[in-house]
Protein chains: 2
Amino acid sequence: MNDLQINISIQPSFYCKDPESTELGRNIVRVGIELIDKLGYEAFTFKKLGTQIHSNESSIYRYFDSKHAFLVYLVNWYWSWIEYKLVFVTTNINSAEERLEKAVQLLTEEVKEDSSFTFINEVLLNKIIITESAKAYYTIDVDKENEKGLYKSYKRVVQRVCDLVLEVNPQFKYPHMLISTIIEGAHHQNYFSKHLPALTDVEEGKNNIVEFYLKLTKSVLSK
Amino acid sequence: MNDLQINISIQPSFYCKDPESTELGRNIVRVGIELIDKLGYEAFTFKKLGTQIHSNESSIYRYFDSKHAFLVYLVNWYWSWIEYKLVFVTTNINSAEERLEKAVQLLTEEVKEDSSFTFINEVLLNKIIITESAKAYYTIDVDKENEKGLYKSYKRVVQRVCDLVLEVNPQFKYPHMLISTIIEGAHHQNYFSKHLPALTDVEEGKNNIVEFYLKLTKSVLSK
DNA sequence: ACAAATATAATAGTGTTACTGTCATATATG
DNA sequence: CATATATGACAGTAACACTATTATATTTGT
């Protein structure tokens, strides 16, 4: 983006030892992202990751309690990063409509360029979020993890965009539904366009997903 | 629904031995649904299921190749059942708008009463679809399984409702996107309302989800 | 009624997963 | 230079996701 040397700071509840604090920790996250993207979440293991980074399985466990905890960490990192981009993209814009438009665009477009202001490859991370993030919260332990605050960054993004929605139309009754529908929907459409095209209308080389959700937003909010 | 003794017929590609053909097979499906609902997909195993039905793990493997195959079977059964209900609910309705409305309602409402015209508990199955169905197609093997036709029933439902959308507005460019967004969205909202309420606007005892998606549909299709 | 075919149950076994625990060694810090 | 801390190597465990084998029960054909 702007080559700012900004750090996304992640709270201690997401790790045993802060992976950003050591070379090994950063390697775990960096190569971990590549490996999940390559193998898929199910086939990904700490043992395989250990081999890849010429380190040991047990060393990885000193940073993350489990592979689920690692996924939750990545999801949280992603939404903290999106929150930062969201604030950035909506500042100094006078029109509420335009602010919302920029926000929806951010939430629905595929991350194309690697802004890489850290050791994290955001393009790959975006792919992982699209394919695997639901597995982080569609688990039997949601309620417990939600209580621990593990989904806060996602909720915060939704809330921020909700506020923009209500600026455009203060009477609108379902801002949260609209925004979480758009976020999850855009992920699904992205995945469908690559694997189940019968479920979508994406045309080669076109930005149909962004266009569709922008149109949806505008029409549902128009009075 | 109407107490019709109709059978959802499932193609052989979804099983090794047809579970509807024997008492054991029906038990596997019936108790399997209960157990997935209770334990969640991850903790569910054929061994536990074997114990529950006083049968053997190896016997279950003669009906389904794997626990993933079992989930795919259930998902397919569900969408075949929804397709049947969809056809039923839209026949003899003259207005295209009303047909679409009935369809959207069907796709977004929670299955409340047990119509149970078979050994399958549709209320529990609906809960499983909401919580676990994405795990059936968010896997590294999607493309292979899609080629085998394992997601056809879902696609068929989407296509049918798409046709209704185009009857209402033949110029609309994104019918598939709209319908798959509504289907997946309604599942998410349902789950969020129970586990991550900050992501939704569902009020106790109200049908907000249906209402929201009906409004969405109407406004995006209005010319 | 009886043999043959088929279905199911019981059991053992395999390789992997998702860890935990222990101990030795390497590296950093005071 | 001593001590603390981090990492690596390795062993071990219970469970998982199966596969294979054999025994027993049930169904079916004649």
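Keep in mind the model is a prediction, meaning the values are calculated, not measured. So you know, we letter chains A, B, ... as the sequences are listed, proteins then strands, and number each from 1.
- Judged by the 6.0 Å and 45° rule, K67(A) forms a cation-pi pair with Y41(A).
- For Y15(A) and F64(A), the distance between ring centers is not under 6.0 angstrom.
- Residues S153(A) and E83(A) bring no donor and acceptor atom of their side chains to less than 3.5 Å of each other.
- In the region residues 50-64 of chain A, proximity to DNA chain D at under 4.0 angstrom, judged on heavy atoms, holds for H54(A), S55(A), N56(A), S58(A), S59(A), R62(A), Y63(A).
- As rounded to whole Å, 11 Å separates atom P of dA17(D) from atom CD of E42(A).
- In this structure, a donor-acceptor pair under 3.5 Å is absent between the side chains of E122(A) and N126(A).
- Taking the six-membered ring where the residue is Trp, the centroids of Y137(A) and H188(B) are separated by 6.0 Å or more.
- No side-chain donor from either of E184(B) and H187(A) sits under 3.5 Å from a side-chain acceptor of the other.
- The nearest whole Å value for the distance from the CD atom in E23(A) to the P atom in dA28(C) is 12 Å.
- The residue among K17(B) and S66(A) whose nearest nucleotide of DNA chain C lies closer to the 5′ end is K17(B).
- What separates CG of D65(B) from P of dC18(D) is a distance of 8 Å, to the nearest Å.
- Here the C1' atom of nucleotide dA15(D) and the CG atom of L39(B) are 14 Å apart, to the nearest Å.
- When rounded to the nearest whole Å, the span between CZ of F46(B) and P of dT8(C) equals 15 Å.
- Listed for the N146(B) side chain is no donor-acceptor partner under 3.5 Å among the backbone atoms of Y151(B).
- The distance between atom CG of L35(B) and atom P of dC16(D), rounded to the nearest whole Å, is 11 Å.
- We find that CG of N27(B) is positioned 17 Å from P of dA7(C), with the value rounded to whole Å.
- Distances shown here put every side-chain N or O of K67(A) at or beyond 4.0 Å from the OP1 or OP2 atom of dC19(C).
- No contact: K47(B) has no heavy atom under 4.0 Å from any strand.
- Rounding to whole angstrom units, CG of residue L49(B) and P of dC18(D) are separated by 14 Å.
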